[in-house]
Amino acid sequence: MADRTRDETYDEFYDCVNMQPKELEEWLGTEKSKSVGDSDSGESTGHKSGRRIVSIKRTNKDDLNDDQWDHMDKVIGYVHRHTAQRPDGDIASSDWRYSLMNWGHDPCKED
């Protein structure tokens with residue numbers, strides 16, 4: 001886990017993941033969601049992550065296990081790295097946005 005407390009990780013995760021579980025589930029069911037990312041086993045890493053994020057967001061904080069806490073850290077790192085690589089131009093239909101959405105972050109929701 002990164003050099004932050006679990007409370008800090010929890011808060012940061014919820015800051016990064018700006019999609020609600022139902023919204024993320026619906027997104028993961030689309031062809032656009034499945035069209036991005038690496039997919040050695042048929043499902044991309046980001047798509048698998050999205051399913052895990054839905055589960056984490058539906059779990060009470062006190063019931064989160066170590067694996068879920070570790071995944072929250074991974075999500076935070078991914079979202080921070082990839083939002084820093086924002087491409088020029090309209091991102092609404094970009095693979096960059098779709099990839100971030102698989103990880104629970106819709107950059108079009110930001111101010």
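All residue numbers refer to positions in the sequence shown, counting from 1. All figures in this text were calculated on a predicted structure; none of them were measured in a lab.
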Modelled atom types, side-chain donor and acceptor of T83 and H105, under 3.5 Å: no
So Q68 and S55, do their side chains get closer than 4.5 Å, heavy atoms only? yes
Side chains of T45 and K48, heavy atoms from C-beta outward: is any pair under 4.5 Å? no
Output yes when a side-chain donor or acceptor of Q85 lies under 3.5 Å from a complementary backbone atom of H82, and no otherwise. no
Ionic contact status for R6 with D66, cut-off 4.0 Å: yes
Between K34 and E43, does at least one N-O distance fall below 4.0 Å, as a salt bridge requires? no
Q20 side, atom CD; N18 side, atom CG - distance, nearest 0.5 Å: 9.0 Å
Does D95 use its side chain to pair, donor to acceptor, with the backbone of V36 at less than 3.5 Å? no
Please work out whether the ring planes of W103 and H71 are parallel, tilted or perpendicular, with thresholds of 30° and 60°. parallel
I91 side chain near P87 side chain, heavy-atom distance below 4.5 Å: yes
Quick check: closest heavy atoms across C108 and R97, and the distance to 0.1 Å? SG-NE, 3.4 Å
Minimal heavy-atom distance between G50 and L24, with the atoms involved, is O-CD2, 3.5 Å
Side chains of E8 and T5, heavy atoms from C-beta outward: is any pair under 4.5 Å? yes
Passes side-chain contact (heavy atoms from CB on, under 4.5 Å), E26 versus M19? Steps please. CA-CA 11 Å; E26 289 172 0; M19 297 174 74; over 6 Å; no
Exercise: identify the closest heavy-atom pair between I76 and T9: CD1-O, 3.6 Å
Full working for side-chain contact (heavy atoms from CB on, under 4.5 Å) between M72 and L64: CA-CA 10 Å; M72 291 166 74; L64 293 168; 3.9 Å; yes
I'd like to know if the side chain of N102 pairs up with that of W27 as donor and acceptor (distance under 3.5 Å, no hydrogens or angles considered). yes
Donor + acceptor pair across side chains of T30, Y98 (<3.5 Å): no
Given side chains that start at C-beta, do those of Y78 and S99 come closer than 4.5 Å, heavy atoms only? yes
Nearest atoms (heavy-atom pairs only) where L100 meets P107: CD1-CG, 4.1 Å
What distance separates K22 NZ from R58 CZ, expressed to the nearest 0.5 Å? 8.5 Å
Can you check whether H47 reaches S33 side chain to side chain, under 4.5 Å on heavy atoms? yes
Is it the case that the side chain of N60 and the backbone of D62 share a donor-acceptor pair, with hydrogens and angles ignored and the cut-off at 3.5 Å? no
Which value, rounded to the nearest 0.5 Å, describes the distance between D15 atom CG and Y10 atom OH? 11.5 Å
Can you confirm whether D73 sits close enough to F13 that some side-chain heavy atom of one is under 4.5 Å from a side-chain heavy atom of the other? no
Flag side-chain contact, heavy atom, 4.5 Å: M101 against E23: no
Should E25 and K57 count as an ion pair when the cut-off is N to O under 4.0 Å? no
